[in-house]
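A quick write-up on the structure given underneath.
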Protein chains: 2
Amino acid sequence: MGSKRSVAAVDYGEIGAVCCGSLVESPLDEAAAAELARVLGALADPVRIRLLSIVAAQGEVCSCDLETPLARTQPTISHHTRILAEAGLLEGEKRGRWVWWHVNPARLAAIRRALGG
Amino acid sequence: MGSKRSVAAVDYGEIGAVCCGSLVESPLDEAAAAELARVLGALADPVRIRLLSIVAAQGEVCSCDLETPLARTQPTISHHTRILAEAGLLEGEKRGRWVWWHVNPARLAAIRRALGG
DNA sequence: TGCTGATATTGACGCCAGTCGATATATACT
DNA sequence: AGTATATATCGACTGGCGTCAATATCAGCA
(Lines give C-alpha, C1' and ligand atoms only; values in the text may rest on other atoms or scores of the structure.)
Protein backbone atom coordinates (compact mmCIF):
# COMPACT_ATOMS: atom_id res chain seq x y z
CA MET A 1 0.00 0.00 0.00
CA GLY A 2 1.12 3.54 -0.62
CA SER A 3 3.65 4.88 -3.03
CA LYS A 4 7.25 3.80 -2.91
CA ARG A 5 8.12 7.38 -2.04
CA SER A 6 5.87 6.96 0.93
CA VAL A 7 6.50 8.95 4.06
CA ALA A 8 4.83 6.61 6.46
CA ALA A 9 4.31 7.98 9.90
CA VAL A 10 5.86 5.92 12.64
CA ASP A 11 2.92 5.08 14.81
CA TYR A 12 3.37 4.29 18.46
CA GLY A 13 -0.31 4.31 19.28
CA GLU A 14 -2.65 6.91 20.62
CA ILE A 15 -1.34 9.80 22.58
CA GLY A 16 -3.46 11.18 25.32
CA ALA A 17 -4.40 14.80 25.20
CA VAL A 18 -2.93 17.08 27.81
CA CYS A 19 -6.43 18.36 27.82
CA CYS A 20 -7.36 19.62 31.13
CA GLY A 21 -6.98 23.13 32.36
CA SER A 22 -4.01 24.57 34.11
CA LEU A 23 -2.54 23.09 37.22
CA VAL A 24 -2.91 26.36 39.07
CA GLU A 25 -6.54 27.03 38.23
CA SER A 26 -8.29 24.19 39.99
CA PRO A 27 -7.23 20.89 41.55
CA LEU A 28 -6.61 18.23 38.93
CA ASP A 29 -8.41 14.93 39.29
CA GLU A 30 -6.45 11.69 39.37
CA ALA A 31 -6.83 10.92 35.68
CA ALA A 32 -5.67 14.36 34.57
CA ALA A 33 -2.75 14.26 36.99
CA ALA A 34 -1.73 10.80 35.78
CA GLU A 35 -1.82 11.90 32.16
CA LEU A 36 0.19 15.03 32.82
CA ALA A 37 2.67 13.07 34.91
CA ARG A 38 3.13 10.61 32.07
CA VAL A 39 4.00 13.32 29.57
CA LEU A 40 6.24 15.16 32.01
CA GLY A 41 7.93 11.86 32.79
CA ALA A 42 8.81 11.55 29.14
CA LEU A 43 10.55 14.91 29.40
CA ALA A 44 12.19 14.28 32.75
CA ASP A 45 15.38 12.72 31.44
CA PRO A 46 18.55 14.59 30.49
CA VAL A 47 19.20 12.46 27.41
CA ARG A 48 15.66 12.97 26.12
CA ILE A 49 15.77 16.69 26.80
CA ARG A 50 18.95 17.03 24.82
CA LEU A 51 17.55 14.77 22.10
CA LEU A 52 14.47 16.95 21.78
CA SER A 53 16.63 20.04 21.87
CA ILE A 54 18.84 18.77 19.05
CA VAL A 55 15.86 17.83 16.91
CA ALA A 56 14.23 21.20 17.55
CA ALA A 57 17.38 23.06 16.58
CA GLN A 58 17.84 21.16 13.33
CA GLY A 59 14.18 20.85 12.42
CA GLU A 60 14.53 17.28 11.27
CA VAL A 61 17.06 14.71 12.39
CA CYS A 62 17.81 11.11 11.48
CA SER A 63 18.10 8.60 14.33
CA CYS A 64 21.55 7.67 13.14
CA ASP A 65 22.73 11.22 13.76
CA LEU A 66 21.78 11.12 17.42
CA GLU A 67 24.04 8.39 18.73
CA THR A 68 27.22 10.43 18.60
CA PRO A 69 26.05 13.71 20.17
CA LEU A 70 24.13 11.87 22.87
CA ALA A 71 26.85 9.29 23.50
CA ARG A 72 24.42 6.41 23.67
CA THR A 73 24.11 3.17 21.75
CA GLN A 74 21.59 2.65 18.99
CA PRO A 75 19.11 0.62 21.09
CA THR A 76 19.14 3.30 23.75
CA ILE A 77 18.46 6.05 21.21
CA SER A 78 15.62 3.99 19.80
CA HIS A 79 14.26 3.58 23.32
CA HIS A 80 14.27 7.32 23.97
CA THR A 81 12.76 8.32 20.63
CA ARG A 82 10.01 5.83 21.27
CA ILE A 83 9.19 7.29 24.67
CA LEU A 84 9.15 10.84 23.30
CA ALA A 85 6.98 9.73 20.38
CA GLU A 86 4.54 7.93 22.67
CA ALA A 87 4.24 11.13 24.65
CA GLY A 88 3.43 12.99 21.45
CA LEU A 89 6.45 15.24 21.72
CA LEU A 90 8.30 13.73 18.78
CA GLU A 91 6.95 12.59 15.43
CA GLY A 92 8.82 10.32 13.06
CA GLU A 93 8.64 9.65 9.36
CA LYS A 94 10.24 6.63 7.83
CA ARG A 95 11.94 7.52 4.57
CA GLY A 96 13.76 4.60 3.08
CA ARG A 97 15.94 3.06 5.72
CA TRP A 98 15.96 6.17 7.85
CA VAL A 99 13.52 7.61 10.33
CA TRP A 100 13.36 11.39 10.39
CA TRP A 101 12.23 12.97 13.59
CA HIS A 102 10.70 16.36 14.21
CA VAL A 103 9.17 17.91 17.29
CA ASN A 104 5.48 18.53 17.81
CA PRO A 105 5.34 22.16 18.94
CA ALA A 106 1.64 21.98 19.77
CA ARG A 107 2.37 19.28 22.28
CA LEU A 108 4.99 21.38 24.00
CA ALA A 109 2.58 24.28 24.05
CA ALA A 110 -0.07 22.08 25.65
CA ILE A 111 2.33 21.19 28.42
CA ARG A 112 3.16 24.83 28.99
CA ARG A 113 -0.54 25.58 29.27
CA ALA A 114 -1.02 22.75 31.74
CA LEU A 115 1.73 24.34 33.81
CA GLY A 116 -0.15 27.56 34.04
CA GLY A 117 0.90 29.22 30.81
CA MET B 1 17.07 32.81 67.43
CA GLY B 2 14.38 34.94 65.88
CA SER B 3 11.08 36.05 67.32
CA LYS B 4 8.64 33.58 68.77
CA ARG B 5 6.16 34.58 66.11
CA SER B 6 8.78 33.58 63.61
CA VAL B 7 7.75 32.34 60.22
CA ALA B 8 10.89 30.42 59.52
CA ALA B 9 11.25 29.26 55.97
CA VAL B 10 11.71 25.55 55.62
CA ASP B 11 15.04 25.30 53.91
CA TYR B 12 15.94 22.30 51.82
CA GLY B 13 19.11 23.77 50.42
CA GLU B 14 19.92 25.63 47.26
CA ILE B 15 17.74 25.28 44.27
CA GLY B 16 19.32 25.44 40.91
CA ALA B 17 18.09 28.00 38.46
CA VAL B 18 16.25 26.80 35.41
CA CYS B 19 18.43 29.35 33.80
CA CYS B 20 19.24 28.45 30.34
CA GLY B 21 17.32 29.43 27.27
CA SER B 22 14.48 27.53 25.74
CA LEU B 23 14.75 23.94 24.69
CA VAL B 24 13.71 24.78 21.17
CA GLU B 25 16.12 27.62 20.56
CA SER B 26 19.46 25.86 20.68
CA PRO B 27 20.72 22.48 21.88
CA LEU B 28 21.07 22.34 25.65
CA ASP B 29 24.38 21.23 27.10
CA GLU B 30 24.53 18.35 29.53
CA ALA B 31 24.45 20.49 32.67
CA ALA B 32 21.42 22.49 31.55
CA ALA B 33 19.62 19.32 30.48
CA ALA B 34 20.37 17.64 33.78
CA GLU B 35 19.06 20.60 35.75
CA LEU B 36 15.88 20.84 33.70
CA ALA B 37 15.38 17.08 33.96
CA ARG B 38 15.70 17.28 37.72
CA VAL B 39 12.98 19.91 38.05
CA LEU B 40 10.72 18.16 35.56
CA GLY B 41 11.29 14.93 37.44
CA ALA B 42 9.92 16.60 40.55
CA LEU B 43 6.76 17.35 38.60
CA ALA B 44 6.50 13.98 36.89
CA ASP B 45 4.45 12.25 39.53
CA PRO B 46 0.66 12.19 39.75
CA VAL B 47 0.60 12.63 43.51
CA ARG B 48 2.93 15.62 43.37
CA ILE B 49 0.99 17.19 40.52
CA ARG B 50 -2.23 16.94 42.48
CA LEU B 51 -0.47 18.18 45.59
CA LEU B 52 0.82 21.25 43.76
CA SER B 53 -2.58 21.73 42.21
CA ILE B 54 -4.33 21.64 45.57
CA VAL B 55 -1.87 24.09 47.10
CA ALA B 56 -2.20 26.41 44.11
CA ALA B 57 -5.98 26.36 44.33
CA GLN B 58 -6.06 27.14 48.03
CA GLY B 59 -3.13 29.51 48.10
CA GLU B 60 -1.76 28.11 51.30
CA VAL B 61 -2.18 24.62 52.69
CA CYS B 62 -1.07 22.82 55.82
CA SER B 63 0.67 19.45 55.41
CA CYS B 64 -1.91 17.84 57.62
CA ASP B 65 -4.64 18.78 55.15
CA LEU B 66 -3.00 16.88 52.31
CA GLU B 67 -3.09 13.32 53.59
CA THR B 68 -6.80 12.83 53.08
CA PRO B 69 -7.26 14.27 49.57
CA LEU B 70 -4.11 12.55 48.32
CA ALA B 71 -4.82 9.27 50.13
CA ARG B 72 -1.25 8.87 51.30
CA THR B 73 0.33 8.45 54.72
CA GLN B 74 2.04 11.30 56.52
CA PRO B 75 5.63 10.20 55.71
CA THR B 76 4.73 9.95 52.05
CA ILE B 77 3.25 13.44 52.03
CA SER B 78 6.37 14.74 53.74
CA HIS B 79 8.48 13.00 51.12
CA HIS B 80 6.60 14.63 48.25
CA THR B 81 6.56 18.12 49.75
CA ARG B 82 10.28 17.82 50.25
CA ILE B 83 10.92 16.89 46.62
CA LEU B 84 8.75 19.75 45.37
CA ALA B 85 10.47 22.17 47.75
CA GLU B 86 13.93 21.02 46.68
CA ALA B 87 12.88 21.68 43.10
CA GLY B 88 11.86 25.19 44.10
CA LEU B 89 8.24 24.64 43.15
CA LEU B 90 6.89 24.70 46.69
CA GLU B 91 7.87 26.91 49.59
CA GLY B 92 7.05 26.18 53.20
CA GLU B 93 6.72 28.28 56.29
CA LYS B 94 6.70 26.73 59.71
CA ARG B 95 4.13 28.42 61.91
CA GLY B 96 3.89 26.77 65.29
CA ARG B 97 3.50 23.05 64.80
CA TRP B 98 2.28 23.40 61.26
CA VAL B 99 4.02 23.92 57.97
CA TRP B 100 2.15 26.05 55.48
CA TRP B 101 2.95 25.47 51.85
CA HIS B 102 2.52 27.77 48.90
CA VAL B 103 3.61 27.48 45.30
CA ASN B 104 6.41 29.48 43.71
CA PRO B 105 4.82 30.84 40.54
CA ALA B 106 8.12 32.20 39.23
CA ARG B 107 9.53 28.72 39.25
CA LEU B 108 6.63 27.37 37.22
CA ALA B 109 7.06 30.25 34.79
CA ALA B 110 10.75 29.43 34.44
CA ILE B 111 9.89 25.87 33.49
CA ARG B 112 7.39 27.08 30.91
CA ARG B 113 10.04 29.34 29.42
CA ALA B 114 12.51 26.44 29.30
CA LEU B 115 9.87 24.52 27.38
CA GLY B 116 9.72 27.18 24.73
CA GLY B 117 7.20 29.56 26.26
C1' DT C 1 7.89 18.96 83.63
C1' DG C 2 5.41 15.98 81.09
C1' DC C 3 1.89 15.06 77.54
C1' DT C 4 -0.15 15.68 72.94
C1' DG C 5 0.14 16.33 68.21
C1' DA C 6 2.51 17.80 63.58
C1' DT C 7 6.33 16.93 60.84
C1' DA C 8 10.87 14.78 59.52
C1' DT C 9 13.79 10.78 59.09
C1' DT C 10 15.04 5.95 58.70
C1' DG C 11 14.83 1.37 56.86
C1' DA C 12 12.78 -1.95 54.05
C1' DC C 13 10.21 -3.63 50.11
C1' DG C 14 8.59 -3.90 45.37
C1' DC C 15 8.65 -1.95 41.06
C1' DC C 16 10.08 0.62 37.13
C1' DA C 17 13.47 3.07 34.19
C1' DG C 18 18.03 3.61 31.67
C1' DT C 19 21.49 1.08 29.61
C1' DC C 20 23.77 -2.30 26.78
C1' DG C 21 24.74 -6.65 23.97
C1' DA C 22 22.54 -9.77 21.05
C1' DT C 23 19.24 -10.51 17.75
C1' DA C 24 15.33 -9.64 14.58
C1' DT C 25 13.23 -6.89 10.94
C1' DA C 26 13.17 -4.06 7.01
C1' DT C 27 14.94 -1.42 3.17
C1' DA C 28 18.25 -0.46 -0.43
C1' DC C 29 21.83 -1.75 -3.50
C1' DT C 30 24.44 -5.06 -6.51
C1' DA D 1 19.26 -13.84 -4.36
C1' DG D 2 22.61 -11.98 -1.41
C1' DT D 3 24.75 -8.35 1.17
C1' DA D 4 24.95 -4.18 3.85
C1' DT D 5 22.88 -0.87 6.81
C1' DA D 6 19.21 1.51 9.77
C1' DT D 7 16.01 0.66 13.17
C1' DA D 8 13.24 -2.17 16.49
C1' DT D 9 12.90 -5.67 19.98
C1' DC D 10 14.47 -8.81 23.64
C1' DG D 11 16.74 -10.11 27.90
C1' DA D 12 19.44 -8.90 31.70
C1' DC D 13 21.54 -5.91 34.98
C1' DT D 14 21.55 -1.98 38.00
C1' DG D 15 20.10 2.03 40.32
C1' DG D 16 16.57 4.89 41.86
C1' DC D 17 11.68 5.90 43.20
C1' DG D 18 7.12 5.56 45.70
C1' DT D 19 5.28 3.66 49.61
C1' DC D 20 4.63 2.47 54.41
C1' DA D 21 5.60 1.27 59.48
C1' DA D 22 8.42 2.62 63.05
C1' DT D 23 10.86 6.10 65.23
C1' DA D 24 12.80 10.67 66.12
C1' DT D 25 12.26 15.67 66.55
C1' DC D 26 10.05 19.70 67.80
C1' DA D 27 6.35 23.09 69.17
C1' DG D 28 2.57 24.08 72.15
C1' DC D 29 -0.14 23.27 76.22
C1' DA D 30 -1.67 21.61 80.97
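Letters A, B, ... are given to chains in the order of the sequence lines, protein chains preceding strands, and every chain is numbered from 1.
- Of the candidate nucleotides D:dT7, D:dT19, C:dA8, C:dA8 has the atom lying nearest to any side-chain atom of B:Thr81.
- An OP1 or OP2 oxygen of C:dT19 is reached within less than 4.0 angstrom by no side-chain nitrogen or oxygen of A:Thr73.
- Distance, A:Ile77 CD1 to D:dT7 P: 10 Å, rounded to whole Å.
- For D:dG18, the OP1/OP2 oxygens have no side-chain nitrogen or oxygen of B:Thr76 closer than 4.0 Å.
- Closest to the side chain of B:His79, from the set D:dT7, D:dT5, D:dT19, is D:dT19.
- Separating the CG atom of B:Asp65 from the P atom of C:dG5 is a distance of 16 Å, rounded to the nearest angstrom.
- With rounding to whole Å, A:Leu66 atom CG is found 15 Å from D:dA8 atom C1'.
- Residues B:Leu90 and B:Asn104 are not in side-chain contact: their nearest non-hydrogen atoms beyond the backbone lie 4.5 Å or more apart.
- Here the closest non-hydrogen pair linking B:Ser22 and B:Leu28 is O-CD1, 3.9 Å.
- As a whole-Å value, the separation of B:Glu67 CD from C:dT7 P is 8 Å.
- Side-chain atoms of A:Gln74 and base atoms of D:dA8 include a donor and an acceptor less than 3.5 Å apart.
- In this entry the distance linking CG of A:Leu40 with P of D:dC17 reads 16 Å, nearest Å.
- With values rounded to the nearest 0.5 angstrom, B:Trp101 atom CH2 is found 11.5 Å from B:Glu60 atom CD.
- Across the protein-nucleic acid pair, B:Asp45 atom CG and D:dG16 atom C1' stand 14 Å apart, rounded to whole Å.
- The number of heavy atoms from other shown groups lying within 6.0 Å of CD (B:Glu30) does not exceed 12.
- In this structure, B:Arg97 places its CZ atom 10 Å from P of D:dA30, rounding to the nearest Å.
- Using a 4.0 Å heavy-atom cutoff across all strands shown, B:Ile83 reaches sugar-phosphate atoms only and no base atom.
- Relative to the side chain of A:Pro75, the nucleotides C:dG21, D:dG18, C:dT19 differ in distance, and C:dG21 lies closest.
- Minimum atom distance to the side chain of B:Val47 is reached by D:dT19, of the listed D:dA8, D:dT19, D:dA6.
- Regarding contacts with the backbone of C:dA8, every side-chain N or O of B:Arg82 stays at 4.0 angstrom or more from both OP1 and OP2.
- Each of A:Gly41 and A:Trp98 has a nearest nucleotide on DNA chain C; the 5'-most of these lies closest to A:Gly41.
- Distance, B:Lys94 NZ to D:dT25 C1': 8 Å, rounded to whole Å.
- Side-chain nitrogen and oxygen atoms of B:Arg72 include none within less than 4.0 Å of the OP1 or OP2 phosphate oxygen of D:dG18.
- Within the model, atoms CD of B:Glu35 and CD1 of A:Ile49 stand 9.5 Å from one another, a figure rounded to the nearest 0.5 Å.
- Contact check, A:His80 against C:dT19: a side-chain N or O comes under 4.0 Å of OP1 or OP2.
- Close to C:dG18, at under 4.0 Å from its OP1 or OP2, lies a side-chain N or O of A:Arg48.
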